[in-house]
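Here's the structure we're looking at; comments come further down.
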Number of protein chains: 2
Amino acid sequence: MMEPAGTPWKVLIVDDHEMVRMGLRTYLMLDARFEVIGEANGGKDAFETLARGGYQGQLPQIVLMDLMMPDMDGVETTRALLSQYPDLRIIILTSFLEDEKVVEAIEAGAVSYVLKTVSADELIYAMQGAIKNMPVMSSDVSQALTRGLRKRSASHEVEGLTEREREVLLLIAEGRNNKDIGDELHISIKTVKTHVSNLLMKCELDDRTQLAIYAHRKGWAKQG
Amino acid sequence: MMEPAGTPWKVLIVDDHEMVRMGLRTYLMLDARFEVIGEANGGKDAFETLARGGYQGQLPQIVLMDLMMPDMDGVETTRALLSQYPDLRIIILTSFLEDEKVVEAIEAGAVSYVLKTVSADELIYAMQGAIKNMPVMSSDVSQALTRGLRKRSASHEVEGLTEREREVLLLIAEGRNNKDIGDELHISIKTVKTHVSNLLMKCELDDRTQLAIYAHRKGWAKQG
DNA sequence: TTTCGCCTCGGTCTGTAGACTGAGGGAAAT
DNA sequence: ATTTCCCTCAGTCTACAGACCGAGGCGAAA
């Protein structure tokens with residue numbers, strides 16, 4: 001990825017909040033090194049537009065991507081985009097600092113993870129880092145990253161449950177049914193049932209209600 | 001609240017995300033009827049600045065307030081501000097549509113509740129409504145409001161669970177099945193089902209797993 | 001006495017849960 | 001190269017869950 005002297009880096013903004021897109025555009029208008037070539041209000045929108053040849057035939061080099069979007073998750077979109085366009089530099093923008101999400105985002109190939117509370121200066125600094133493929137993260141974010149990694153490695157040993165089983169367990173602990181869980185995890189209801197059966201066997205319990213209680217007692221459930 | 005002809009309405013933006021503030025300011029620069037006189041990055045910031053006399057001695061007439069902020073909640077800030085400055089017109093801005101939050105916001109005195117996904121046009125329309133003290137809400141929001149009110153009125157009676165229903169609920173929260181519960185309480189499985197159905201209706205939940213979680217969240221369950 | 005709420009029980013019916021069996025693919029370890 | 005583990009999915013079957021219907025007894029309140 002060579003910088004053509006004098007040519008601004010082409011930026012795509014993906015966020016479902018128009019006012020955030022507007023704010024970002026305003027940020028970047030201040031800096032001649034970047035040019036916003038397009039906006040998308042969701043992951044699907046972004047993906048489809050790129051598949052159709054980009055914005056006025058242009059492909060972005062940098063993508064600023066919101067994490068929480070209604071149609072396609074930012075992490076998921078990151079994975080999808082990078083599988084097609086591996087040279088994209090994707091920066092995740094988010095309001096919340098969730099340890100797991102940070103890990104997922106970086107795993108998905110995002111170069112940086114930036115909180116929406118940052119100033120224009122800090123964002124542009126992160127974007128400059130992105131060009132050089134150098135992650136620029138605040139100490140908050142890097143702490144969350146290491147915490148998330150620790151949690152994950154720790155939870156790998158938890159009760160001999162697999163990653164997937166734990167995901168299913170947490171959703172059960174939220175009161176979701178199998179159909180719901182399948183939709184959430186993008187797997188069939190059959191597979192969900194398999195995981196539930198395995199959970200019941202491993203935890204030596206009789207039904208999903210007991211699983212939900214179990215998770216809450218262990219403090220694994222959200223807002224428990 | 002009289003409109004001085006030709007004088008723009010003074011707006012205060014309260015949001016912890018600088019890029020949202022920037023976006024909003026850019027929105028409002030397009031409209032001469034509004035002038036952003038100040039910004040705050042949180043509830044406390046806003047409150048303290050107003051207490052010190054406002055922004056360059058000016059007090060806002062309209063406040064655009066984010067709901068989720070780290071230091072002081074948008075609803076809380078709304079309540080606090082209105083108790084001091086009852087003429088403020090506060091519009092809540094948020095990313096998420098939570099039934100309860102909508103109700104709380106309106107109760108706190110916010111004139112409107114607007115999603116961050118709206119366009120500049122729609123926001124300005126809501127602000128014009130705010131001037132006239134007329135709530136302008138999308139159908140999404142008004143539905144959430146009515147849903148939230150229903151839920152609340154229902155949950156006020158949730159203490160209207162009968163003795164028997166509470167007993168059944170606690171047993172469900174222990175992970176017992178209907179047969180078990182029937183044996184425990186010396187009643188038929190049919191009667192247990194009746195109580196469970198009534199519980200589901202009163203608590204507005206879908207199945208016994210959600211009932212168990214509900215009881216645990218309320219702290220009603222044993223060893224919860 | 002009538003009314004009302006609660007508890008009790010029955011039947012029917014549909015949908016989901018969960019057990020059980022079998023099977024293919026991928027990734028990592030040996 | 002083989003084993004092993006995990007994730008995935010299918011089909012079948014039984015049991016339970018829960019909705020919806022109706023109904024009787026019982027005690028407290030109007």
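Here is the naming used below: chain letters follow the sequence lines, and residue numbers restart at 1 for every chain. Just so you know, these numbers come straight off a predicted model, no measurement behind them.
Listed pair Arg164(A) / dT8(D) meets the phosphate criterion, a side-chain N or O lying under 4.0 Å from OP1 or OP2. Taking side-chain N and O atoms only, Asn178(A) has a distance below 4.0 Å to OP1 or OP2 of dA17(C). At dG5(C), none of the side-chain N or O atoms of Thr162(B) fall inside 4.0 Å of OP1 or OP2 (strictly under the cut-off). Between Thr194(A) and dT8(D) there is no side-chain polar atom (N or O) within less than 4.0 angstrom of OP1 or OP2. Side-chain N/O atoms of Ser197(B) include one lying less than 4.0 angstrom from OP1 or OP2 on dA19(D). Phosphate proximity of dC9(C) to Thr191(B): present, with a side-chain N or O under 4.0 Å from OP1 or OP2.
To the nearest 0.5 Å, the span separating CG on Leu64(B) from CG on Asp15(B) amounts to 9.5 Å.
Regarding Met201(A), its CE atom lies at a distance of 9 Å from the P atom of dA19(C), rounded to whole Å. Nucleotide dC5(D) holds its P atom 13 Å from the CG atom of Asn198(A), rounded to whole Å. Nucleotide dG15(C) holds its P atom 20 Å from the CZ atom of Arg208(B), rounded to whole Å. Spacing between atom CG of Leu205(B) and atom C1' of dT16(C) amounts to 17 Å, rounded to whole angstrom units. Per the geometry, NZ belonging to Lys190(B) stands 16 Å off P belonging to dG22(D), to the nearest Å. Between the P atom of dC9(C) and the NZ atom of Lys179(B) lies a distance of 13 Å, rounded to the nearest Å. Between Glu163(B) atom CD and dC7(C) atom P there is a gap of 8 Å when expressed in whole angstrom units. Going from atom CD1 of Ile189(B) over to atom P of dA15(D) covers 13 Å, rounded to whole Å.
Each of dG18(D), dA17(D), dT12(C) was ranked by its minimum atom distance to the side chain of Asn177(B); first place goes to dA17(D). Of the listed nucleotides (dT8(D), dG10(C), dC7(C)), dT8(D) has the atom at the smallest distance from the side chain of Ile187(A).
A side-chain N or O of Thr191(A) and one of Ser188(A) form a donor-acceptor pair less than 3.5 Å apart. Side-chain N/O atoms of Asn177(A) and Arg208(A) include no donor and acceptor closer than 3.5 Å. For Asp45(A) and Thr49(A), the side-chain atoms include at least one donor-acceptor pair closer than 3.5 Å.
In terms of position along DNA chain D, the nucleotide closest to His195(A) lies nearer the 5' end than the nucleotide closest to the other residue of the pair His195(A) and Leu200(B). In terms of position along DNA chain C, the nucleotide closest to Leu185(B) lies nearer the 5' end than the nucleotide closest to the other residue of the pair Asp207(B) and Leu185(B).
Using a 4.0 Å heavy-atom cutoff across all strands shown, Ser188(B) reaches sugar-phosphate atoms only and no base atom.
Contact annotation: the side chain of Arg25(A) approaches that of Glu39(A) to within less than 4.5 Å [non-hydrogen atoms, C-beta and beyond].
Contact of Lys193(B) with dA17(D) (side chain to base): a donor-acceptor pair of N or O atoms is detected under 3.5 Å.
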